[in-house]
Amino acid sequence: VQLQASGGGLVQAGGSLRLSCAASGRTFSSYTMGWFRQAPGKEREFVAAISWSGGSTYYADSVKGRFTISRDNAKNTVYLQMTSLKPEDTAVYYCAARLAPYSDYPKYDYWGQGTLVTVSS
């Protein structure tokens, strides 16, 4: 599986962005998909994940109520809708895929290249 993340950019605090992650391969619907982020000088941290069917979603406490993860298996794409953005959301955002159920540890089988989100105050 190859993953291509896009949609990052510069946004003011309080604004919104939608990240997309397009996957290659015919087995996309078999994978749990996750979003992680890494700010400068910090470890990679879990943001959100979604089960293969889309029926279950998981969020870090820091983004709960502001971010929404979704997927379209027909388009082999997972999304991360981000609202009420804060400067502390500034990071490189990575999408990831794993065949196993959800995990908030970065133990995923495949990773995208990352897309930079910068939130100005």
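Model, not experiment: these values are computed from the prediction. Computed from heavy atoms alone, side chains included, the values below leave out hydrogens, waters and symmetry copies.
Judged as a ring-ring contact (aromatic ring centres under 6.0 Å, His included), the pairs with a partner in residues 39-72 (not counting sequence neighbours) are, in order, Phe36-Phe46, Phe46-Tyr102, Tyr58-Tyr102.
Pro106 has its side chain within reach of Trp111: a pair of non-hydrogen atoms, C-beta onward, lies under 4.5 Å apart. Residues Thr90 and Val117 form no side-chain contact, since every pair of their non-hydrogen atoms from C-beta on lies 4.5 Å or further apart. Side-chain atoms of Ser103 and Arg98, non-hydrogen and from C-beta on, do get closer than 4.5 Å to each other. Side-chain contact between Gln4 and Gln113: present, with at least one pair of heavy atoms (C-beta onward) separated by less than 4.5 Å.
Checking side-chain atoms of Asp109 against main-chain N and O of Leu99 turns up a donor-acceptor pair under 3.5 Å. Panel note: side chain Thr115, backbone Gly8; a donor-acceptor pair is recorded below 3.5 Å. Panel note: side chain Gln38, backbone Ala91; no donor-acceptor pair is recorded below 3.5 Å. When atom types are taken as modelled, the side chain of Ser20 and the backbone of Ser6 share no donor-acceptor pair closer than 3.5 angstrom.
Listed here is the closest heavy atom pair of Phe28 and Asn73: CE2-OD1, 3.1 Å. Across all non-hydrogen atoms, the minimal contact from Thr77 to Ala22 is OG1-CA, 4.1 Å. Heavy-atom minimum distance, Ala49 versus Tyr108: CB-OH, 3.9 Å.
Cation-pi geometry between Arg71 and Tyr79 is not met at under 6.0 angstrom from the ring centre and within 45 degrees of the axis.
The distance from the OG atom of Ser70 to the CD1 atom of Ile50 is 6.0 Å, given to the nearest 0.5 Å. Rounding to the nearest 0.5 angstrom, the gap separating the CG atom in Asp72 from the OG atom in Ser29 is 11.0 Å. Between atom OG of residue Ser120 and atom CD of residue Gln12 there is a gap of 5.0 Å, rounded to the nearest 0.5 Å. In this structure, Glu45 CD and Trp35 CH2 are separated by 14.5 Å, a value rounded to the nearest 0.5 Å.
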Go through the steps to decide whether Arg37 and Leu80 satisfy the test side-chain contact (heavy atoms from CB on, under 4.5 Å), and finish with yes or no. CA-CA 12 Å; Arg37 66 187 182 186; Leu80 185 68; over 6 Å; no
Please evaluate residues Gln81 and Ser16 with respect to the criterion side-chain contact (heavy atoms from CB on, under 4.5 Å), reporting the C-alpha separation (whole Å), side-chain torsions for both, the decisive distance (0.1 Å), and the verdict. CA-CA 8 Å; Gln81 179 68 50; Ser16 300; 4.1 Å; yes
With side-chain contact (heavy atoms from CB on, under 4.5 Å) as the test, would you mind laying out the steps for Leu85 and Leu17 before giving the verdict? CA-CA 8 Å; Leu85 282 161; Leu17 277 176; 4.3 Å; yes
Passes side-chain contact (heavy atoms from CB on, under 4.5 Å), Leu3 versus Met33? Steps please. CA-CA 10 Å; Leu3 304 175; Met33 298 299 297; 4.0 Å; yes
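Hydrophobic clustering (side-chain heavy atoms under 4.5 Å, transitive across Ile, Leu, Val, Met, Phe, Trp, Tyr) groups Leu19 together with Val119. Under a hydrophobic clustering in which Ile, Leu, Val, Met, Phe, Trp and Tyr are joined whenever their side-chain heavy atoms come within less than 4.5 Å, directly or via other members, Tyr94 and Leu116 fall into the same cluster. Side-chain heavy atoms closer than 4.5 Å link hydrophobic residues (I, L, V, M, F, W, Y) into clusters, and following such links, possibly through other members, connects Val78 to Val1. Note on Tyr110 and Ile69: same hydrophobic cluster, where clusters join Ile, Leu, Val, Met, Phe, Trp and Tyr whose side-chain heavy atoms are under 4.5 Å apart, directly or indirectly. No path of Ile, Leu, Val, Met, Phe, Trp and Tyr side chains, each step under 4.5 Å between heavy atoms, connects Val11 with Val92, placing them in separate hydrophobic clusters.
Using a 4.0 Å cut-off between charged nitrogen and carboxylate oxygen, Asp89 and Lys86 do not count as a salt-bridge pair.
At most 12 non-hydrogen atoms from other residues, nucleotides or ligands lie less than 6.0 angstrom from CD of Gln2.
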